[in-house]
Trainee: 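A single structure is presented below for examination.
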Amino acid sequence: MLRPNPVPNQFLTHSFLEEKGIELAVKRLDLVHPEVSGNKFFKLRHNLDQAKKEGKNKVLTFGGAYSNHIYATSQAAKAEGLECIGLIRGEGVKPFNHTLSSAEKAGMELHFIDRTAYRNKAESEFLVELKERFGDFYLIPEGGTNGLAIQGTSEILGPEDQQFSFICSSIGTGGTFAGLYASLSSTQYLTGFSSLKGNFINKEVSELIRIHRIYSEGQYSILTQFHFGGYAKYHEKLIEFIWWFYENFGIVLDPIYTGKMAFGLWELIRVRYYPRGSKVLMIHTGGLQGNIGFTERTGIKLPMDAPQGL
Ligand SMILES: *Cc1c(COP(=O)(O)O)cnc(C)c1O
């Protein structure tokens, strides 16, 4: 099974936090593995283990051309000695972007499917077709959320995190959020920041909780006002915040997930959403490979690595 590096909780110091009376730490899941970053490490771990237990030597999954999930799956499969196939939404335009060229280099076999086929990807007929075409495989859904992924993300928080009353995480499909929620203690409250536009995510998360029979001692709420226009949409203010965060704390954020969460969290602290004296833990879900593709796509520069001496 993929083995995690120790993940530090990095406490942040800033006059703003002092003034508001908030102790804030960042759980650096971006450091959990050299290639399989962030929450994707936890989502993939038990799935790849299960694939091996079922005697499958190949995994297949879906994703967009800049997807952290595609990148992480290619790296995780390589580390576990499994073959892997990535079905990518859209046309395969060469030269490949950073995500796809890295995935291919890690050994992922890439195939491109049009948007209609992509939409039908969960239908059984399509899956039968895929088995005829590619042979037997272990299927990992788009975004990687399933029961074993949630089992994995319920292992993110450890005993050292009991000191925090408030946990913050970004949300895509909700798989990470559902696992975090499952692992809360009765004194903990989870705040989710959706990267996607719309309130549908509340329903999706309730569904995940229901389908996977999650019982939690803690509580949660999801904020949907920090999407900056929707998935992969951004605003100059968000980019400026990511640079500001990097210059102050030496931590790189991405504009798709963690940047939006941190921006939202700063806003919550500013309006005293969390009571004075609160200890807050923000989960850095990783995914920094996406920054290279973001710059390729938009021409906008983002921080990449921690600067020397921080
Ligand atoms: C995939 C991803 C998420 C979203 O995770 P879900 O389990 O789909 O909600 C959040 N942050 C980063 C950096 C990601 O790559």
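Basis for what follows: all heavy atoms, side chains included, without hydrogens, waters or symmetry-related copies. Numbering of ligands and ligand atoms starts at 1, following listing order.
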Trainee: May I ask you to check whether Phe96 and Phe112 place their ring centres under 6.0 Å from each other?
Mentor: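 Between Phe112 and Phe96, the centre distance is under 6.0 Å.
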Trainee: Per the side-chain hydrogen bond (donor to acceptor under 3.5 Å, both in side chains) rule, which among Asn146, Thr73, Thr145 passes with Lys43?
Mentor: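 Exactly one option meets the side-chain hydrogen bond (donor to acceptor under 3.5 Å, both in side chains) with Lys43, and it is Thr145.
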Trainee: For ligand 1, what are the residues with a heavy-atom contact below 4.0 Å?
Mentor: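 Ligand 1 is contacted, at a heavy-atom distance under 4.0 Å, by Asn39, Lys40, Lys43, Asn68, Ser170, Ile171, Gly172, Thr173, Gly174, Gly175, Thr176, Tyr257, Thr285, Gly286, Gly287.
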Trainee: What I'd like to find out is whether the side chain of Arg297 reaches to under 4.5 Å of the side chain of Asn97, using heavy atoms alone.
Mentor: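 Not touching, per the 4.5 Å side-chain cut-off.
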Trainee: Compute the ring centroids of Phe193 and His227, then answer whether they are less than 6.0 Å apart.
Mentor: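 No - the distance between ring centres of Phe193 and His227 does not fall below the 6.0 Å cut-off.
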Trainee: Does a side-chain heavy-atom distance below 4.5 Å link Leu265 with Tyr274?
Mentor: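 Yes; the side chains approach each other to less than 4.5 Å.
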Trainee: Any cation-pi pair here, Lys260 with Phe228, using under 6.0 Å and within 45°?
Mentor: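 No cation-pi geometry.
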